[in-house]
Amino acid sequence: MQIPTDLATYTQWSGILTLVFLGLTLLSFVFKWGIRFRLVGATSFMGVITASIFALSLGLFTHTEIPGSVRYTLVYDNAGDKVVIVVPPTITESETAATLRQAAADIIPFGRAGTFGTQLTIRARTMLHPKLGVSQPLYLGQATKLMSDSNAELDVRVFSDRFAQLPKSLPESNS
């Protein structure tokens, strides 16, 4: 089962639950239940939650999809100017460039620690296993962007010479 990430779905269900609480609150006043004032608080809280989720669904989180990018994992982020992502060892040069652009779009520089003129550097790496029990990181590219300027151009560099070190095919797993 996959959990929906569309906040409009959550807003709808939260609104329905708020109306259910409102109905219970009205019934509690009609029948003079002892819990009626607690239901007023619960209904008010649900109204605030519904309004908050609705406000978030208006576009606070916009996601830019970069064509040709592959899934990556964020493995290091100092909340300042350095970020490292891991990509699969089967990645190509064009996919690396697109994935670095995707990571730069996903990692918003606002609120990051850094002084004026500091550049955000995103590095893409994969792991090589030259022999059993040994792991070696291999950096495939990096993207840099000036943090103080949200419209600054992204400088993407792919280290083409390092792609020759990647395995030609992944070893078969005997599971």
Side-chain angles (χ1 to χ4, degrees), residues 1-14 49-50 52-175:
M1 183 175 109
Q2 187 165 350
I3 298 173
T5 55
D6 185 18
L7 289 177
T9 303
Y10 295 124
T11 303
Q12 179 183 3
W13 283 104
S14 181
I49 293 294
T50 301
S52 299
I53 296 172
F54 174 72
L56 286 173
S57 72
L58 292 179
L60 179 62
F61 301 112
T62 57
H63 180 71
T64 304
E65 191 77 28
I66 305 294
S69 66
V70 298
R71 291 184 65 92
Y72 66 88
T73 303
L74 182 70
V75 292
Y76 178 77
D77 186 353
N78 70 354
D81 63 342
K82 300 206 183 325
V83 174
V84 177
I85 61 171
V86 171
V87 295
T90 56
I91 196 164
T92 64
E93 292 182 45
S94 62
E95 289 173 335
T96 301
T99 303
L100 283 166
R101 282 186 170 73
Q102 181 69 58
D106 293 345
I107 299 168
I108 301 171
F110 303 115
R112 290 190 163 270
T115 58
F116 184 78
T118 304
Q119 285 193 338
L120 173 65
T121 302
I122 302 168
R123 298 180 76 190
R125 74 167 167 83
T126 191
M127 294 300 284
L128 298 179
H129 304 286
K131 59 184 177 178
L132 189 63
V134 176
S135 296
Q136 175 186 359
L138 177 66
Y139 288 92
L140 300 173
Q142 79 176 24
T144 55
K145 181 178 182 180
L146 197 60
M147 285 199 300
S148 59
D149 184 9
S150 61
N151 295 325
E153 188 171 327
L154 184 67
D155 177 31
V156 177
R157 289 188 300 153
V158 176
F159 308 139
S160 300
D161 57 324
R162 298 190 183 170
F163 282 84
Q165 298 177 35
L166 292 177
K168 300 302 176 219
S169 64
L170 289 178
E172 298 285 327
S173 64
N174 295 330
S175 11

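By convention here, the first residue in the shown sequence is residue 1. When reading the values below, keep in mind they use all heavy atoms of this one structure, side chains included, and skip hydrogens, waters and symmetry mates.
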Interatomic distance, CG@Leu7 vs CD@Gln12, rounded to 0.5 Å, equals 13.0 Å

Is there a side chain to side chain contact (heavy atoms under 4.5 Å, CB included) between Val158 and Leu140? Walk through the geometry before answering. CA-CA 6 Å; Val158 176; Leu140 300 173; 5.9 Å; no

Mark yes or no for whether Ser57, through its side chain, and Phe54, through its backbone, hold a donor-acceptor pair below 3.5 Å. yes

Taking atom CG of Leu120 and atom CG of Leu146, what is their separation to the nearest 0.5 Å? 10.0 Å

Donor-acceptor contact below 3.5 Å, side chain Gln102 vs main chain Ile66: yes

Are the side chain of Asn78 and the backbone N or O of Asp81 linked by a donor-acceptor pair below 3.5 Å? yes

Does the pair Ile122 and Leu100 meet the rule for a side chain to side chain contact (heavy atoms under 4.5 Å, CB included), with working shown? CA-CA 7 Å; Ile122 302 168; Leu100 283 166; 4.1 Å; yes

Taking Glu95 for its side chain and Thr92 for its backbone only, find out whether a donor-acceptor pair lies under 3.5 Å. yes

Correct closest heavy-atom pair for Glu93 and Ser160 would be OE1-OG, 2.8 Å

Side chains of Lys145 and Asp155: does their closest heavy-atom pair fall under 4.5 Å? no

Would you check, one step at a time, whether the test side chain to side chain contact (heavy atoms under 4.5 Å, CB included) holds for Phe159 with Leu138? CA-CA 10 Å; Phe159 308 139; Leu138 177 66; over 6 Å; no

Are Met127 and Pro89 close enough that some pair of their side-chain heavy atoms sits under 4.5 Å apart? no

Heavy-atom closest contact (Thr64 atom, Asp106 atom, distance): O-OD1, 4.3 Å

Go through the steps for Val84 and Arg125 under the test side chain to side chain contact (heavy atoms under 4.5 Å, CB included), then give the verdict. CA-CA 7 Å; Val84 177; Arg125 74 167 167 83; 3.8 Å; yes

Just how far is it from atom OG1 of Thr144 to atom CD of Gln119, taken to the nearest 0.5 Å? 4.5 Å

Once you round to the nearest 0.5 Å, how far does CD1 of Ile49 lie from OG of Ser14? 7.0 Å

Show me the pairs that pass side chain to side chain donor-acceptor pair (under 3.5 Å) and involve residues 131-143, at least two apart or across chains. His129-Ser135

Do Ser69 and Thr99 get their side chains close enough for a donor-acceptor pair, meaning under 3.5 Å? no

Value rounded to 0.5 Å, distance of OG1 in Thr126 from CZ in Phe163: 9.5 Å

Which residue, Val156, Ile91, Val70, forms the side chain to side chain contact (heavy atoms under 4.5 Å, CB included) with Thr96? Ile91

